[in-house]
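Beneath this line is the structure, given in structure tokens, with notes to follow.
Computed from a prediction, not measured in an experiment: that's the story for all the values here.
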Amino acid sequence: MNEVTPIESPEGRPARVRKPDWIRVRAPTSKGFNETRKLMRDLNLNTVCEEAACPNIGECWTKKHATVMILGDVCTRACAFCNVKTGMPRIVDTKEPQHVADAAAQMGLEHIVITSVDRDDLADGGASQFVKVIEALRRTTPKTTIEILTPDFRNKHEAAVEAIVTARPDVYNHNLETVPRLYPTIRPGARYYASLRLLEMVKRLDPSIFTKSGIMLGLGEERLEVHQVMDDMRSADVDFLTMGQYLQPTPRHTKVIDFVTPKAFDAYAAIARAKGFLQVASSPLTRSSYHAGEDFAQMRAAREAKLARQAAR
């Protein structure tokens with residue numbers, strides 16, 4: 001772990017935190033980046049890449065990979081780590097599902113990741129929009145594999161998850177985000193064990209759907225707490241674990257407590273693999289949808305190899 005080093009600033013201005021070399025990325029300038037941005041604007045689509053200030057946006061958009069954020073760009077929650085706007089969202093865009101499918105077709109995506117803001121204002125939490133997006137993708141780009149990253153559908157997750165699982169995405173992702181002890185300050189609108197139950201429910205309804213979850217490091221979590229989260233995920237039969245460095249998006253958000261070294265991320269990954277995850281992505285710049293297509297292919301191959309070994313016994 002590396003402690004945070006503030007940079008001196010003129011009096012009256014908040015100090016900036018000096019990022020270690022391994023966390024710095026270049027500003028996006030490529031032709032592919034600009035083409036991806038134009039396509040998102042032309043189809044009136046939001047992306048978590050922009051709204052959450054993802055550090056990998058330059059690399060991903062250059063490759064024509066974008067994580068679409070459905071149900072608008074305004075969230076009904078106010079998590080301490082998240083850069084998405086908070087407030088009262090607008091009405092749901094009925095054209096959005098087909099626009100997502102059109103974007104996938106125009107970018108030639110083999111794998112797409114769909115996420116959303118929290119919509120506690122909707123009776124189903126926005127689950128029906130996820131279903132419509134999955135259905136539009138199946139019609140328009142039937143060979144594209146679909147990964148969804150949903151909110152927790154607070155107080156309505158059973159009906160929401162059942163509807164989405166019936167639509168059969170290839171991967172169902174729901175992030176735990178951090179260790180249970182930090183939920184009151186980092187994720188106050190959510191409940192750790194409710195999120196675990198959501199992941200368990202996906203597997204109970206359809207064991208063939210891959211499940212995925214992730215946490216941020218650098219928020220003050222202890223090593224053994226991270227190990228316990230891994231155990232909790234495995235008890236819920238989660239297939240894929242992602243771990244990345246938390247980065248403070250603005251001075252208003254919760255501060256970075258420490259920068260976790262690449263060596264420490266590698267050590268966590270080794271422990272996670274020993275605990276039985278089919279796939280692990282663990283690095284300072286890892287995010288839920290970073291290299292998602294390549295990771296999905298590897299995870300599917302790992303499951304096939306595991307089943308083959310079991311059949312040979």
Side-chain angles (χ1 to χ4, degrees), residues 32 35-52 54 60-61 63-76 84 89-153 156-157 159-175 198 201-202 205-206 208-212 288-289 292-297 300:
E35 289 174 348
T36 301
R37 180 168 59 183
K38 183 177 185 302
L39 177 62
M40 294 300 110
R41 297 295 81 78
D42 289 347
L43 292 172
N44 195 32
L45 294 174
N46 300 297
T47 70
V48 74
C49 321
E50 299 166 286
E51 302 301 331
C54 179
C60 294
W61 281 28
K63 297 177 180 178
K64 302 294 182 69
H65 294 166
T67 299
V68 178
M69 188 173 74
I70 63 174
L71 294 165
D73 62 352
V74 179
C75 186
T76 54
V84 175
R90 293 186 290 272
I91 61 171
V92 176
D93 181 0
T94 57
K95 296 180 180 179
E96 186 175 59
Q98 190 57 50
H99 285 171
V100 173
D102 291 342
Q106 291 185 46
M107 289 191 286
L109 295 182
E110 295 180 1
H111 186 83
I112 188 170
V113 182
I114 309 298
T115 189
S116 79
V117 291
D118 279 283
R119 291 297 300 261
D120 297 317
D121 60 309
L122 300 176
D124 68 348
S128 59
Q129 191 78 339
F130 273 100
V131 171
K132 291 172 184 175
V133 169
I134 293 169
E135 291 173 344
L137 285 163
R138 296 296 188 210
R139 287 193 307 269
T140 308
T141 58
K143 294 184 179 180
T144 302
T145 50
I146 301 170
E147 178 172 331
I148 59 165
L149 170 56
T150 76
D152 61 6
F153 301 115
K156 59 196 79 164
H157 83 265
V161 171
E162 186 171 359
I164 294 171
V165 167
T166 300
R168 302 208 75 249
D170 297 280
V171 182
Y172 194 122
N173 185 2
H174 174 64
N175 286 330
L198 183 154
M201 184 176 179
V202 175
L205 291 171
D206 190 340
S208 70
I209 295 177
F210 290 98
T211 50
K212 179 176 176 180
S288 292
S289 55
E294 296 95 322
D295 286 336
F296 172 72
R300 185 162 54 183

Calculate, to the nearest 0.5 Å, the distance between atoms OG1 and CD1 belonging to Thr166 and Ile134 respectively.
10.0 Å

Name of the residue among Val171, Thr115, Ile114 meeting side chain to side chain contact (heavy atoms under 4.5 Å, CB included) with Leu149
Thr115

Residue pair Arg119 / Pro89, side-chain heavy-atom distance below 4.5 Å
yes

So, do Asn173 and Ile148 sit near enough that their side-chain heavy atoms are less than 4.5 Å apart?
no

Determine the minimum heavy-atom distance between Gly72 and Asn46, stating which atoms define it.
C-ND2, 3.5 Å

Separation between CG (Leu122) and CD (Gln129), nearest 0.5 Å, reads 9.0 Å

Walk me through it: do Glu110 and Lys143 pass the test salt bridge (charged side-chain N to carboxylate O under 4.0 Å, His left out)?
CA-CA 7 Å; Glu110 295 180 1; Lys143 294 184 179 180; over 6 Å; no

Ion pair check, Lys212 and Asp295, cut-off under 4.0 Å
no

For Arg139 versus Pro142, what's the shortest heavy-atom pair and its separation?
O-CD, 4.1 Å

Just to verify, what does Thr145 make a side-chain contact (heavy atoms from CB on, under 4.5 Å) with, not counting sequence neighbours?
His111, Asp170, Phe296, Arg300

Between Arg41 (side chain only) and Leu45 (backbone N and O only), is there a donor and an acceptor less than 3.5 Å apart?
yes

To the closest 0.5 Å, what do you measure between CG (Asp124) and NE2 (His157)?
14.5 Å

Among all residues two or more places apart in sequence or in another chain, which pass the side-chain hydrogen bond (donor to acceptor under 3.5 Å, both in side chains) test with Thr150?
Tyr172

Spatial distance of atom CD1 (Ile164) from atom CG (Leu198) [nearest 0.5 Å]
8.0 Å

Which residues pass the side-chain contact (heavy atoms from CB on, under 4.5 Å) test with Ala101, not counting sequence neighbours?
Gln98, Ala136, Leu137, Thr140

Between Ala292 and Glu147, what is the shortest heavy-atom contact and its length?
CB-OE1, 3.8 Å

About how many Å separate NE2 of His174 and CE of Met201, when rounded to the nearest 0.5 Å?
13.0 Å

Restricting to non-hydrogen atoms, name the atom on Pro151 and the atom on Phe130 that form the minimum distance, rounded to 0.1 Å.
CD-CE1, 4.1 Å

Asp118: side-chain hydrogen bond (donor to acceptor under 3.5 Å, both in side chains) partners, not counting sequence neighbours
none

Taking side-chain contact (heavy atoms from CB on, under 4.5 Å) as the definition, give me every residue that meets it alongside Lys95, ordered by chain and number, with sequence neighbours left out.
Asp93, His99

Sequence neighbours excluded, which residues qualify as side-chain contact (heavy atoms from CB on, under 4.5 Å) partners of Asp206?
Val165, Arg168, Ser208, Ile209

Going from CE on Met107 to OG1 on Thr141, what distance comes out if it is rounded to the nearest 0.5 angstrom?
10.0 Å

Do you know which two heavy atoms are closest between Ile112 and Val100, and how far apart they sit?
CD1-CG1, 4.0 Å

Minimum-distance pair of heavy atoms, taken over all atoms of Leu71 and Ser116
CD1-CB, 3.8 Å

